[in-house]
Each structure stands twice: as structure tokens, then as C-alpha cells.
Amino acid sequence: MFSEINLDSHLHGNDRTKIGADILDERYDPQTVELKWQKRWAERNLFRTEADPAKKKFYCLEMFPYPSGKIHMGHVRNYAIGDVIARYKRMRGFNVIHPMGWDAFGMPAENAAIKEGIHPAKWTYENIAYMKKQLNRMGLSYDWDREVTTCSPEYYKWNQWFFLKMYEKGLAYRKSSFVNWCPSCATVLANEQVIDGACWRCDTAVIQKQLEQWFFRITNYAEDLLRACDGLKGWPEKVVLMQKHWIGKSEGLEADFRVDGTNDKIRIFTTRADTLFGATFVCIAPAHELAEKLVSDKKALNKIKEQYGKEDEKIGLFTGHYAINPANDEKIPIYIANFVLMEYGTGAIMSVPAHDQRDFEFAKKYDLPIREVIIPASNEPRATSHELTEAFEEDGILANSSSYSRLRSDVARAEIAKFIEKKGLGKKVVNYKLRDWGISRQRYWGTPIPIIYCAKCGAVPVPENELPVILPEDVKFTGTGGSPLKESEKFLNVPCPKCKGKARRETDTMDTFVDSSWYFIAYCLKNGTGDWGFGIGNKKNANPQPLNPKPIDYWMPVDQYIGGVEHAVLHLLYSRFFTRVIKDIGIMGFDEPFTNLLTQGMVCKETLKCPEHGWLFPEEVKEDKCTRCGKPVERGRVEKMSKSKKNVLDPDHLINRYGADTSRLFSLFAAPPERDLEWSDQGVDGSYRFLNRIWGIVYKYRCQKLKPNSSLVTRHSSLLLRKTHQTIKRVTNDIEREYHFNTAIAALMELVNDITSFEPKTDEDWKVFRFSIEALLLLLSPFSPHIAEELWETIGNKASILEQRWPSWDEDITKEDEIELVIQVNGKVKAKLLMPTGLSDEDIKQKALEEPKIKEATGHKAIKKVFVVKGKLVNIVIGD
RNA sequence: GCCGGAGUGGCGGAAUUGGUAGACGCAAGGGACUUAAAAUCCCUCGUCCGCGAGGUCGUGCCGGUUCGAGUCCGGCCUCCGGCACCA
């Protein structure tokens, strides 16, 4: 009965007196308890894990933080969720790896350097030290021996090594491309740093500047990444869908339109080859190679270039030239159009205004012909002449298309493509929205790109045995003139690795997404200090041989990844890409890094706004009035916690006031993990009360001695025993069923309610009572580990609760011996009856019909049918 | 515009396969203890009607399927998220 919990040592009277171990304070003081256990866990290094092929592993991973200075409530939630999973799996007998590290390169460190004159390294490492304290104060079960810090040379050396491998394979290459450029700061900005077309720091208008940049050829993996999406069974569908859309595969046809009177051809891309006969003009992007040649009015062309990509208006410029439609040899005008993207397809399109809404709008504006070539298949009678008000974009039946008329769109697409291919005028192609990944950043605080430029030899990779290329620390931060690396003569001037002549280093650094694309693999390799196990980087073994891949093979892939949805595309896609590349390098044997993904919701809170002073902190409001001006405060919407809206909560304050156990418990109880969580100060009080009640129960019985009485099992104690088994079952199932911690905690609260009202008297009562409390503490321990440990020890257990097995339940004991049977008449509840379980359907039916209330309800009406749902209800259907 | 997701008491949320709507918690109201307050404990708590027993309506709106719908189907409305001239 008590199979999983070893109760033997507690079943005898003299042991049970240990409940009275007089070490427990009456008052629950989370600070004392939590610091005590954090110290003990650290001293025993209990969270350290080693690869052990004899044990089943579980890799639990939370997205590592950027060391911005302090953790925020989003981290608290993320890491609380991860910690419950790690602790639960550990108790289930898995060899759990649960690592943590720092996404330590990035702009804020550099901005701090510019603004406050602190070196980015100092700033970063100080932040890491503080945040690490905060995480430990939360009682998170990390194996810190595996900690990685991406700004350390021992980490970014491998970024550089991967870069070189990719360069060898042609997966890293250089090309010219447009970037967001702030002329005032003289630097490149990421997309999210451009706010309403201006620099987020100095508000200068951002321009598009052409720069030579390094790219990773992620498009080589587009098809693989897309196809493998269907295998991501453990990911939220939403995220998989977002990835699919991002990759954006479309199949179509490329076809050449000759420029009339020249030898030039315009190659267009279309997914609608069936509408080829409806093309009435051709549009090319302003940056298309033929644009300059075809347009004589350079001023007009430049104007269009300025309007490129502006969504509000479609602007076109007639080139004065005509193209020949390869299908029917028709002469149609060529336009430069601002809405045609150079980056997608061929930078040129055929325009079919009758069947494409964008072309339709353009044709209307410039008064171009609209020719219908697709008729809806529904075959509704159509007016012979009618004014089109919008394009018909669906498939249908072809018309006005020579011999293809009357074919269905899908058939015609194939036939027309065949025709074009046969004539050598084009081919079927597949296009992706996914672009190659531009990784160059004109920034200091990142991984130096290991390339040297030589006037004679061109771009030369740094030899592997010279890695890492160290980021120099003695540089000046001015905030102007671009990367400080450009001014560092020591860094800049190097001999060419090939010809030993004068050469210069690349001064761009890598996008920080490179760092986070493989850190989960780094955790496996790292185990304290020492070699990371790739087996390269020393001169004796310049030819890299993958040594000792065992830890990766053992630990990877990640069994459960937890983080915010904001990374649904970029980080997760880059990581999938990197994993494939590393596999192709030959280091490991799998291509999907994350088996299961949990995207947790945001942490939100009510906002407060004063009509005069704007957003307010809660402490700036007294009795619904602004403390500064006395004006009534508007209680705004519940929104994601953000500093700008002042609806934030500092985890330090929270933990100082309530402790880590309460903070964790509430953030897990208030909502299921994938949903947004609305923070409620009163709700936290509720969780705190709950832990206090548990403390109170154990305290109350601390001095109780066993009073031997009868050994009869009282009804009372059998009820508590059942409730305990039911709770073990519910909590286990709720955790297993997509981590529904909120309902698991609700079940624990119910059990505590029952334990509170239970007063043990008999021998058996005490046995059950103890069993219930032990079960409660074990079930509570993943959520609120410190108090669970403390009370576990108090009731006389020597070993840490961390080393206990998760309790199991006895299905027979969970079963109720009486059920409340609902009796409905025509689907409406009329009575509820207590009945013993195990009655036959016929007996149940009889009892239901005999019930006076039911007799009353049915009256003399004919009983048409009776439905019996086992253990639930009876529905009696009567006539009118 | 397109693609997702969600709408349940005063609030956060439960309801696992179509079978008692509102578990658990918060807030609120009442009571006990206390000189008093806090803390704690007990009771009430979807709506409307009724002194009561009891009944009525009720899961965004309209309709459908079913003995029975928060759950399934069709059509809307609102909110949130993602993508957004990708030819």
C-alpha cells in the first residue's frame, strides 16, 4: 500500500515521536529556511550531473538570459516552470541535465560603455555575478559546473571554428547587401532597433546603406527545415506554423520576356502560369539590373528607388520599352514599380491585373488593360460585359488563352510550364521567403569574424590553430565612427596567413544569434573547466578530429525546452539550422535540437495612468489618486510588464517579502504555463497563506506522542487515505498532461484542506496522517522545494527530499465506494442520489425511477427511453 | 488583408473522451476569537423569482446536430498574437 514511500522506519511508536523534533519555529520564516537549504544543496553540489549510459537521461533546458543587470518576472516564471520539470523528472528516476548560462554578447553592454564609460566586459561580468545570485536565491536546481558565458573566448572560439567550417563548405560567404544605417551613430542597426524609420538612440532618420556583409547559407537547408517541421510533434502547432510561413515555400515558373528591339530578356517568376495569357504589362524592381538601361530619366528612376518598399502607395514608371509575352508574342509595356521586391524571385513579374489584386490596383492607377483569362468554376452565369471591381484570384477555368482555354487552372499551370520549358524560355522553380542569414554586425561586443583581408590573396580564413581571435579589451568607446575595432591598430594589422604580406583583420563581429544557436550543445561538452571535447584547437592536431562525442550523443537532443514565444522563429530556426550544420560537420548524429517545446505566456499586470504624469508605479497611487497631483488615476488594461509602463515588479522585492517558494508557487498556480499570467498581489498572499498552513500543520503536531488506541481503521482516516492517493494521481497526471501545474497545485490545496480538518486518534489514523503529510511534501517539493525540505527533515527524515522517489498511488484506494448519481429528466438535473458503486445499469435505472422527486417530475407521462452513464448520471426521456 | 489562438461568476481560472458548469484560489459580505487591530478559524457567495421548499435563466451572439453541447457543426461579433505588397 505504501510501496513507493519507505514508511517502515516511521511506523513504530518511538520513531513517530520524531515528529516532535523540537527544531521547528512556530512562525514560517522563508528567508531562514530558504538560505539554509540553498547552502546545503550547494555544499553537496546536488544538482551536478554526469553522463551515465546506464541511466535514462532527461535534458531540461530554459532559454538562457541576456545579462542585462537583474532578472525580471518573465525569467522568474520561465525558470520556475523549468525547475519544476527538472525536479519532477529527477524524482521520477531520470538522470536530469539542467544547465544555465549567459547570452552575454550584445548591444546593451556596448551602450553602457558609451554612456557610462564602463567596459562592456566589466559591465557584463558584474551583471552575471548579480543575476547568478538571484537565480540561486530562487532555489533553481542548476548544474553550475556546466555554465557557459558566450562572451568568454573559450566559448566564442567555437563560434569562430563553426564559421571556418561553414566557410570551407561554402555555407559562409560574403556579399553586398542593404542594411539599416544610422548616419549619426555611424553604425548598423538591427530591424528592431529602428523605430518609425528612425534610430532608437538618437532619433536620426535611418537610411539603407549597401555594405559587404557575411552570410550563412541557411537557404541551403530551407527544404529540409520545412519538411522536418512536420516531425516536430512536441512543439506548439502555432510555432511550427510560424516557422513554415517564415520559410515560405512556393512553387512556380520562371519565364523569359524578351525586351522588344533588343537582345535583353526579363526573367519573371510566377506561381500562376495559368494566367500567362492575361499578362498585360511587366514590372521590374527599381534595383533590377535592366532598370538603369531601360530608363533614360534617371531622376524619375531615383524617385522610384526612394519609394521602394513603401506600402502605402504603388508607384510605377513607364520605361518606354515593351516586352514580348512568350505565350502569344504580344507586345506589352515594361514598368519600373516600387512594389516589386528585388530580394524575392527574379525581381521582375508579369502583371495580370484581372487575377492579382496588386496588379489590378496598379492597372487602374495607370490605366492599363485588364484581361480576364480565368472564369470561376462555379459556372454562374456572368454578365457579358461587366466592370471588374477587384481581381479574381482563385483557380478556375481558362478563357482567352488559345489552345489552353477551357482547361482547369491546375492542369493549365502544368501544361503552360511544360510549353515554356520545351521552348527553352524558362523552367519550373521553387522559391522561399527565407533569406540567407546576414551575420555581420559593425559592433565591438561580439565574436570577431575570423577572416583576414590581404591585398594579394583576398579574404583569407584565420587558421584553426590560431583560434580564438581574441576581442581586444583596450579600445575606446566614443559612440561615433562605428566599431572601436576599426581604431585598434594591434587588432587590425596582421600578416596574411597565406603570403605573410601586410593584411587587415575583419572588424565586423557576429550576430549574437550565432551564440545562442548551439549553446545547448555547449552545456553537454562543458563539465567544470577543461577541454570541450571537440578535440581541436591545438597545434599537434591541427586537423580537427571529433573526439569524444559521447556526451553530446548521450544528452542531446533537448527533451524539454522552455522559453518565450518571441523566439518562435529566429532563435529556434537558427538553432535548427546550426544543429544540421554541426551534424554535417560530423560531430553528432541528429538534426533536431529540441524534442519538446513549451512557450510560456507573458507576465502581465494592471497599468496605472495619471492624466498629467502619465504611467505610474503602484506606490505613486494612493486611494486611486496620483500622489503628485491628486488627480484621479485611470486603471488601464492588463499588459505585459514593462519598465516604460511602470507595471513591473522587482523579483528581489518579491523574494525578500515572501520568499522564493511563494513566488514560484504563485507564478505556477495563477495560470497554466502556456497562457499569459496576470500578476495579483493578493494572489501571492493566497499562496503564502497556503504554505503557512502546511507549516502550521507540521508545527501543531511536532510534540504529539503516539497514543495507542484501537487499531481499527476509522472511516475518517480511510477518507484521508483515499484523498491522498487521489491527490498523488491527480498531481502526477496534471504534470504529465502538458504541465498543468495550476490544477496540480489546486489538488494539493484540497489535500491540505482535508489534512487540516483531520485529527488523528488511533494508531491507524497516525499512520495515514503521516503518509498524507509525507506525500504532500513530496508532491510539493518540485514547486516549493525549500519548505518541503525543511518540513521533510522536521518529521524525521535524514535524506534530502531531492533524493526521494516520486510517490505512486494505488488505483483501488482512489476509488470512491459511493458515488453521487445525477438523475436528469429530459436533460435537466432533477435529483442527486448517493449510491454504492458497482450496481448494474438496470439497478441504477430502477433506483432512479423510484426516486420520489423523479416520480413527481415524470408524472404520468410515458417514459420513452432511459440513458445510464456508468458512475455519472441517468437521463430519463419522457414524452410531452 | 491573410494565418493562428481566445472569449466561462466581481477577478485569476477548473471542467482530461459530448454526461452534475463554476474545482482551487482571490476579492466581497457575515460570524467567532480579541480591550482593539492584525493574524487565524467558521459560514455565505453566477442570475432572477420566492419567506421557504423550490423553480427560472446562464459558458461572446444567432442557428443546427444530439436523450444530453462550455465541449461537435454552420454563420457572425469582439479581443490578443504572428505575417504582411513574397508575384
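Just so it is clear: chains get the letters A, B, ... in the order the sequence lines come, proteins before strands, and each one is counted from 1.
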* Structure fact -> Among B:U20, B:C3, B:A87, the one nearest any side-chain atom of A:Lys832 is B:U20

* What nucleic acid atoms does A:Leu873 come within less than 4.0 Å of, heavy atoms only: base, sugar-phosphate, or nothing? -> base

* Salt bridge or not for A:Asp734 and A:Arg737, using N-O below 4.0 Å? -> yes

* Asked: Across the strands shown, which category fits A:Gly686 at heavy-atom distances under 4.0 angstrom: base, sugar-phosphate, nothing?
  -> sugar-phosphate

* Structure fact -> Closest of B:G19, B:C26, B:A87 to the A:Arg689 side chain is B:C26

* Complement of B:G52, any strand, by Watson-Crick or G-U distances under 3.5 angstrom -> none

* To do: Answer with base, sugar-phosphate or nothing: what part of the nucleic acid does A:Val565 contact at a heavy-atom distance below 4.0 Å?
  => nothing

* Which part of the nucleic acid, if any, lies within contact of A:Gln824, taking any heavy atom under 4.0 Å across all strands shown: a base, the sugar-phosphate backbone alone, or nothing? -> base

* For A:Glu313, report the nucleic acid contact type (base, sugar-phosphate, nothing); a contact means any heavy atom under 4.0 Å. => base

* Closest listed nucleotide, where the reference is the side chain of A:Pro672 and the choices are B:G82, B:G13, B:A87 -> B:G13

* Nearest-Å distance once atom C1' is located in both B:G54 and B:U59 -> 24 Å

* For B:G52 versus B:U47, give the span between their P atoms, rounded off to a whole number of Å. => 15 Å

* May I ask which nucleotide in the shown strands pairs with B:C41, Watson-Crick or G-U wobble, both distances under 3.5 Å? => B:G31

* To do: Please tell me which of the listed nucleotides, B:A87, B:G19, B:U20, lies nearest to the side chain of A:Val822?
  => B:U20

* Asked: Over how many whole Å does the gap from A:Arg675 atom CZ to B:G7 atom P extend?
  -> 6 Å

* Structure fact -> Looking only at B:G12, B:G4, B:A87, the nucleotide nearest the A:Lys238 side chain is B:G4

* Which of these nucleotides, B:A87, B:C24, B:A21, is closest to any side-chain atom of A:Phe339? -> B:A87

* P gap between B:G74 and B:G18, integer Å -> 16 Å

* **Distance between P atoms of B:C62 and B:G55 (Å, rounded)** => 26 Å

* **Residue closer to the 5' end of RNA chain B, A:Met602 versus A:Leu677 (nearest nucleotide)** => A:Leu677

* Round to a whole Å and report the spacing from CD of A:Glu678 to P of B:C80. => 15 Å

* Once you round it to whole Å, what is the distance between C1' of B:C26 and CG of A:Leu668? -> 17 Å

* To do: Tell me which of A:His245 and A:Gly347 sits closer to the 5' end of RNA chain B, going by the nucleotide each one is nearest to.
  => A:His245

* Is B:G9 syn or is it anti, if syn means the base angle is within 90 degrees of 0? -> syn

* Please report, rounded to the nearest Å, how far the C1' atom of B:G12 is from the CD1 atom of A:Ile745. => 13 Å

* Asked: Base, sugar-phosphate, or nothing: which does A:Phe690 touch, judged by heavy atoms less than 4.0 Å apart?
  -> nothing

* Pair A:Arg272 + A:Glu393: basic N to acidic O under 4.0 Å -> no

* Using the C1' atom as the reference point in each nucleotide, state the distance between B:G4 and B:G58 in Å, no decimals. => 30 Å

* Starting from C1' on B:G19, measure out to NZ on A:Lys830 and report it in whole angstrom. => 17 Å

* To do: Return the value, rounded to whole Å, for the distance between atom CD1 of A:Ile247 and atom C1' of B:C83.
  => 14 Å

* To do: Compare the minimum distances between each of B:G25, B:G13, B:A87 and the side chain of A:Asn742, then state the nucleotide with the smallest one.
  => B:G13

* Between A:Tyr658 and A:Tyr688, how do the two ring planes meet: parallel, tilted or perpendicular, split at 30° and 60°? -> perpendicular

* For A:Ser250, which contact category applies under a 4.0 Å heavy-atom criterion: base, sugar-phosphate, or nothing? -> sugar-phosphate

* Are any of the side-chain nitrogens in A:Lys723 or A:Glu750 under 4.0 Å away from the carboxylate oxygens of its partner? -> yes

* Asked: For B:C41, does either OP1 or OP2 sit under 4.0 Å from a side-chain N or O belonging to A:Arg693?
  -> yes

* To do: Give the ring-plane orientation class for A:Phe281 versus A:Tyr335, where under 30° counts as parallel, over 60° as perpendicular and anything between as tilted.
  => perpendicular

* Answer with base, sugar-phosphate or nothing: what part of the nucleic acid does A:Val877 contact at a heavy-atom distance below 4.0 Å? => sugar-phosphate

* Report the base-pairing partner of B:C2 (Watson-Crick or G-U wobble, both distances below 3.5 angstrom), or none. => B:G82

* Where the side chain of A:Phe867 is concerned, which of B:C67, B:G12, B:A87 is the nearest nucleotide? -> B:C67

* Residues A:Lys640, A:Asp676: salt bridge by 4.0 Å N-O rule -> no

* Of the candidate nucleotides B:G12, B:G68, B:A21, which contains the atom at the shortest distance from the side chain of A:Phe669? -> B:G12

* Asked: So, is the end of the A:Lys314 side chain (NZ or CZ) under 6.0 Å from the ring centre of A:Phe362 and within 45° of the ring's axis?
  -> no

* To do: Measure from the side chain of A:Leu241, starting at C-beta and using heavy atoms only, and say which of B:C67, B:G4, B:A21 lies closest.
  => B:G4

* To do: Decide whether A:Gln726 and A:Glu816 meet the rule of one side-chain donor and one side-chain acceptor closer than 3.5 Å.
  => yes

* Under a 4.0 Å N-O cut-off, is there an ion pair linking A:Glu639 with A:Lys605? -> no

* Could you let me know what B:G22 is paired to, Watson-Crick or G-U wobble, both distances under 3.5 Å, or none if it's on its own? => none

* To do: Please measure how far the C1' atom in B:C3 lies from the corresponding atom in B:G10, and state the result in whole Å.
  => 36 Å

* Using both distances under 3.5 Å as the test, list the Watson-Crick or G-U wobble partner of B:U65, or none. => none

* Within this structure, what is the CZ-to-C1' distance between A:Arg267 and B:A87, rounded to whole angstrom? -> 16 Å

* **Lys/Arg N to Asp/Glu carboxylate O, A:Asp841 vs A:Lys870, below 4.0 Å** => yes

* Ignoring backbone atoms, test whether A:Arg737 places a side-chain nitrogen or oxygen under 4.0 Å from the OP1 or OP2 oxygen of B:A15. => yes

* What's the CD-C1' distance between A:Glu393 and B:A87, to the nearest Å? -> 10 Å

* Using a heavy-atom cut-off of under 4.0 Å over every strand shown, decide if A:Glu820 touches base, sugar-phosphate, or nothing. => base

* To do: Have a look at A:Asp676 and say if it touches a base, only the backbone sugar-phosphate, or nothing, with a 4.0 Å heavy-atom cut-off.
  => sugar-phosphate

* Considering just the side-chain nitrogens and oxygens of A:Asn753, establish if one lies under 4.0 Å of OP1 or OP2 belonging to B:A23. => no

* What nucleic acid atoms does A:Lys872 come within less than 4.0 Å of, heavy atoms only: base, sugar-phosphate, or nothing? -> sugar-phosphate

* Take atom P in B:G63 and the same atom in B:G46, then report the distance between them in whole Å. => 28 Å

* Taking atom P in both B:C79 and B:A23, what distance in whole Å separates the two? -> 30 Å

